[in-house]
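To start, the structure under review is shown below, and the notes come after it.
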Amino acid sequence: MNHEISRLEPGLYFVATPIGTARDITLRALDILASADVIAAEDTRSMRRLLEIHGVRLGDRPLISYHDHSGPKGRAKLLKLLEEGKSVAYGSEAGTPLIADPGYHLAREAMDAGYSVTSAPGPSAIITALTLAGLPTDAFFFAGFLPNAKGARQSALEAVKAVPGTLVFYESPKRVGAMLRDAAKVLGGERSAVVCRELTKKFEEVRRGTLESLAEEIGSDALRGEIVVLVDRPGAENVGEDDLEEAVRQALETMSVRDAAESVAQAFNVHKRKIYQMALKLSSGD
Ligand code: SAM
């Protein structure tokens, strides 16, 4: 396939790459990769392979390795290229750069220095998992990777327990059983949950259940492949009165009693009448 090669405006281009199936790349991403003066990548080998698959010629253009751990020195090299008026395309190993992947420090410094920063959006495991999970998508919270140590993991789960939206976690296939057990303990075993594995790949799998049933089913098995775990928002039985009151108070700052009650009841999946009474009481200053 011929990719449109055109002179790109100088600046930094974050390019999303596939999370599995190689053809899940956008035409614009390929145009940018075909046209940029310089390509930078978290993993130069996988970037080279992607270019080959799609027939994008690297030619004599530099392919530079960049990771946020490359530190200020690695960034300085790319910023210098931007200063010279070059167009620099950056891709992480898979999916969208900056999403549990390098790019944040590079983006920040390029923005602060006044260079143009653009995104060519595309695949991300978060959105793919939300699309397939069958859990509400009106509000969600991406919690990234949980800490490996049990104590720290349980504290991190405690911190997101009352979030009024679907929780999305990235997890290692080795730790998913332990993570589900801790999540059942901290968030409540009856919450609906979904384990998505190998999205967009040959062995794509979506397992649905409760935190408790999935923890039991997976046990201490190490799964294979890449995993996203999603957990439904807390039901009324998991939400403390304090959390509800705080949410109602916040909603009342910008909404009428009726709208605040409706929005909080929907967000926390609790009965509207109960929240309406609470909102009335709080708004009258009792
Ligand atoms: N930047 C990527 C994105 O936009 O999704 C995420 C990179 S992060 C280092 C890698 C993690 O993302 C994996 O450990 C897994 O949790 C999740 N992931 C990436 N690809 C996946 C896939 N095909 N299926 C399931 N999870 C995936």
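Just so you know, ligand 1 is whichever comes first in the structure, and atom 1 is the first atom listed for that ligand.
For ligand 1 and Lys201, the ligand atoms under 4.0 Å from any heavy atom of the residue are 23 (N). Listed by number with element, the atoms of ligand 1 under 4.0 Å from a non-hydrogen atom of Thr96 are 1 (N), 3 (C), 4 (O). Close approach of ligand 1 to Val228 is summarised as follows: ligand atoms under 4.0 Å from at least one heavy atom of the residue are 25 (C), 26 (N). The Ala94 neighbourhood of ligand 1 comprises atoms 1 (N), 2 (C), with distances under 4.0 Å to a heavy atom of that residue. Using a 4.0 Å cut-off to heavy atoms of Glu171, the atoms of ligand 1 that qualify are 16 (O).
With respect to atom 8 (S) of ligand 1, the closest heavy atom belonging to the protein is Ala100 O, 3.4 Å. Remark: minimum distance from atom 14 (O) of ligand 1 to any protein heavy atom is reached at Phe145 CZ, 3.4 Å. Remark: minimum distance from atom 13 (C) of ligand 1 to any protein heavy atom is reached at Glu226 OE2, 3.5 Å. Atom 24 (N) of ligand 1 has as its closest protein heavy atom Leu199 N, 2.8 Å.
For Gln266, the CD atom sits in a loose shell: 12 or fewer heavy atoms of surrounding residues, nucleotides or ligands are nearer than 6.0 Å. Under a cut-off of 6.0 angstrom, the local environment of OH in Tyr104 is sparse, with at most 12 non-hydrogen atoms contributed by other residues, nucleotides or ligands.
For a threshold of 3.5 Å applied to N or O pairs, the pair formed by Gly20 and ligand 1 contains no separation below that value. Residue Ser124 places at least one N or O, backbone or side chain, under 3.5 Å from an N or O of ligand 1. For Ser92, no nitrogen or oxygen atom sits less than 3.5 Å from a nitrogen or oxygen atom of ligand 1, counting backbone and side chain alike. The shortest N or O to N or O distance between Ala125 and ligand 1 is under 3.5 Å. At a 3.5 angstrom cut-off on N or O pairs, Tyr170 counts as close to ligand 1.
For the pairing with Glu109, the salt bridge (Lys or Arg N to Asp or Glu O under 4.0 Å) check across Lys80, Lys77, Arg75 returns one residue only, Arg75.
In this structure a side-chain-to-backbone donor-acceptor pair under 3.5 Å is present from His54 to Ala22. Distance alone, capped at 3.5 Å, places no donor-acceptor pair between the Thr44 side chain and the Ser65 backbone. Under the 3.5 Å distance criterion, the side-chain polar atoms of Glu93 are left unmatched by any main-chain donor or acceptor of Glu42.
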For this session: Could you go through the side-chain contact (heavy atoms from CB on, under 4.5 Å) check for Asp182 and Leu157 one step at a time?
Result: CA-CA 8 Å; Asp182 281 348; Leu157 285 163; 3.8 Å; yes
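Contact annotation for Ile227 and ligand 1: only backbone heavy atoms (N, CA, C, O) come within less than 4.0 Å of the ligand. Residue Asp101 touches ligand 1 through its side chain alone, judged by heavy-atom distances below 4.0 Å.
At least one side-chain heavy atom of Leu223 sits less than 4.5 Å from a side-chain heavy atom of Arg207. Looking only at side-chain heavy atoms (C-beta outward), Leu167 and Leu187 come within less than 4.5 Å of each other.
There is a side-chain donor-acceptor pair under 3.5 Å between Glu246 and Gln250.
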